[in-house]
Amino acid sequence: MSINVWSILKFFAYVAIIMFFLFPIAWIFNMSFMTNDEILRKVPVLFYEPTFKNYIGLWEGEIAIEGFATMYVYFKQNLINSAILSVGSVSVTLLLGVPAAYAFARYKFKGGEDIAFTLLSFRFAPALLIILPLNLYFSEIGLYDSYFALIWVYQLITLPLLLWIVRGYFEDISPDIEYAYRLDGHSWFQSFWKISIPLAKPGIAAASLLCFIYAWNNFVFALILGSSQIQPVTVGALAFITASAIPYGLIACGIVVSVLPTLILALFIQKYLVQGLSLGAIKG
């Protein structure tokens with residue numbers, strides 16, 4: 001049996017690339033089961049007795065670090081805050097963005113492209129450019145330090161993203177399918193709800209996942225516009241670093257736990273992401 005040298009080289013190249021990108025993730029996961037003493041050794045520890053102390057401390061809200069006082073954390077509440085802010089942001093984005101994307105894809109009106117590009121330009125502006133005015137406005141009208149305010153501010157991130165992605169999917173769907181459905185006596189809303197949205201579901205799912213990830217990972221808006229009561233995991237993790245100690249195992253544990261929701265969601269809608277790759281084949 002002949003051996004294809006080129007195939008073997010490609011196999012090892014793929015393995016090397018995968019190991020290169022997955023090594024930091026695997027090392028962080030490994031650190032989450034180690035104590036601070038094991039992590040801070042000059043020579044990395046390859047064989048050790050795994051401990052769940054970091055995960056238990058993260059869940060219970062307190063952890064004792066060797067040689068230091070007991071540390072109190074509120075990571076569980078931060079996770080709840082992240083879930084509320086991310087799910088709320090994506091829900092509002094879907095409610096506003098999907099009909100808007102359909103309108104931009106189906107109807108050509110004066111200034112439509114300018115409006116769409118203006119919405120997209122919100123993604124270009126740095127957050128620090130608008131964070132101070134937003135802070136002053138929210139403090140003035142009593143919305144500072146509220147879920148409602150942060151969910152609406154997150155629309156600057158999620159709404160333009162979903163609008164431009166889903167718009168492309170709607171444009172790839174032939175209008176003739178909707179016209180044929182309306183000829184049977186159905187209304188515009190029925191054709192939009194029962195024809196356009198199901199056909200664009202893979203694109204909507206993919207855009208929703210990206211919006212969820214952007215909202216989940218946001219740091220600046222939550223840091224400035226919210227107190228510790230509504231801060232998500234990205235801001236709450238700052239509490240792990242104190243003047244007396246840096247619990248590297250606890251930080252690694254927090255990273256692992258905070259990544260899991262987006263990873264599980266991505267795996268759950270994976271089939272829609274795959275379907276979205278072939279949506280462009282639908283033509284009139």
Side-chain angles (χ1 to χ4, degrees), residues 81-127 129-131 133-135 137-138 141-144 146-173 175 178 187-222 224-226 230 232 261-262 265-266 268-269 272-273 276 279:
N81 293 338
S82 289
I84 294 174
L85 293 172
S86 300
V87 173
S89 299
V90 173
S91 300
V92 174
T93 299
L94 289 173
L95 184 63
L96 300 178
V98 173
Y102 180 83
F104 281 117
R106 283 289 181 265
Y107 303 104
K108 305 302 179 183
F109 50 91
K110 185 176 181 181
E113 291 297 323
D114 294 334
I115 295 174
F117 184 78
T118 300
L119 293 173
L120 182 64
S121 67
F122 293 155
R123 294 283 298 120
F124 304 152
L129 183 67
I130 59 174
I131 198 70
L134 286 175
N135 190 14
Y137 293 153
F138 286 158
I141 63 179
L143 287 180
Y144 176 79
S146 66
Y147 292 119
F148 180 82
L150 280 178
I151 287 174
W152 278 106
V153 171
Y154 279 9
Q155 299 310 304
L156 296 173
I157 306 171
T158 59
L159 186 58
L161 183 65
L162 182 134
L163 178 63
W164 277 85
I165 293 177
V166 177
R167 176 190 180 184
Y169 281 94
F170 279 134
E171 287 176 342
D172 282 340
I173 299 174
E178 301 172 25
S187 64
W188 170 88
F189 180 79
Q190 288 177 319
S191 66
F192 169 70
W193 184 256
K194 295 184 178 181
I195 300 297
S196 301
I197 288 184
L199 289 176
K201 187 183 293 185
I204 296 173
S208 299
L209 174 61
L210 292 176
C211 291
F212 184 88
I213 293 174
Y214 274 101
W216 186 275
N217 293 335
N218 185 265
F219 175 78
V220 176
F221 288 139
I224 303 300
L225 299 177
I230 66 168
T262 54
L265 183 62
F268 179 73
I269 67 171
Y272 294 112
L273 297 177
L279 185 62

When you look at CH2 of Trp164, are more than 12 heavy atoms from neighbouring residues, nucleotides or ligands closer to it than 6.0 Å?
yes

CG of Leu94 to OG of Ser208: how many Å apart, nearest 0.5 Å?
4.0 Å

Going through the distances and angles, do Trp193 and Gln190 end up as a side chain to side chain contact (heavy atoms under 4.5 Å, CB included)?
CA-CA 5 Å; Trp193 184 256; Gln190 288 177 319; 5.9 Å; no

Any heavy-atom pair between the side chains of Phe221 and Ile157 that's under 4.5 Å?
yes

Is the Phe170 ring parallel, tilted or perpendicular to the Phe192 ring (thresholds 30°, 60°)?
tilted

Side chain to side chain contact (heavy atoms under 4.5 Å, CB included) between Ile213 and Asn217: does it pass, once the steps are laid out?
CA-CA 6 Å; Ile213 293 174; Asn217 293 335; 3.3 Å; yes

Please report the interatomic distance NZ(Lys201) to OH(Tyr169), rounded to the nearest 0.5 Å.
14.5 Å

If you compare all heavy atoms of Gly203 against all heavy atoms of Val166, which two are closest, and at what distance to 0.1 Å?
O-CG2, 4.3 Å

Heavy-atom distance under 4.5 Å between the side chains of Val153 and Phe138, does that happen here?
yes

Apply side chain to side chain contact (heavy atoms under 4.5 Å, CB included) to Tyr214 and Asn218, showing your working.
CA-CA 6 Å; Tyr214 274 101; Asn218 185 265; over 6 Å; no

Ala103 backbone acceptor or donor facing Arg167 side chain under 3.5 Å:
no

What I'd like to find out is whether the side chain of Val90 reaches to under 4.5 Å of the side chain of Thr158, using heavy atoms alone.
no

Is any side-chain heavy atom of Val87 less than 4.5 Å from a side-chain heavy atom of Trp216?
no

Supply the atom-to-atom distance Ser89 OG to Ile84 CD1, rounded to the nearest 0.5 angstrom.
11.0 Å

Nearest non-hydrogen partners of Leu209 and Thr262, listed with the distance:
CD1-O, 4.4 Å

Go through the structure and list residues passing side chain to side chain donor-acceptor pair (under 3.5 Å) with Tyr144, not counting sequence neighbours.
none

So, taking the atom named CG in Leu134 and the one named CG in Leu150, what distance separates them when rounded to the nearest 0.5 Å?
10.0 Å

Suppose we screen for side chain to side chain donor-acceptor pair (under 3.5 Å). Which residues come up paired with Ser86, at least two apart in sequence or across chains?
none

Which of these, Leu163, Leu161, Leu159, sits in a side-chain contact (heavy atoms from CB on, under 4.5 Å) with Thr93?
Leu159

Walk me through whether Asp172 and Leu199 qualify under side chain to side chain contact (heavy atoms under 4.5 Å, CB included).
CA-CA 10 Å; Asp172 282 340; Leu199 289 176; over 6 Å; no

Roughly how far, to the nearest 0.5 Å, is the CH2 atom of Trp188 from the OG atom of Ser196?
8.5 Å

In this structure, CD1 of Ile151 is separated from CD1 of Ile230 (nearest 0.5 Å) by 9.5 Å

For Pro175, is there any backbone N or O sitting under 3.5 Å from a side-chain donor or acceptor partner on Glu178?
no

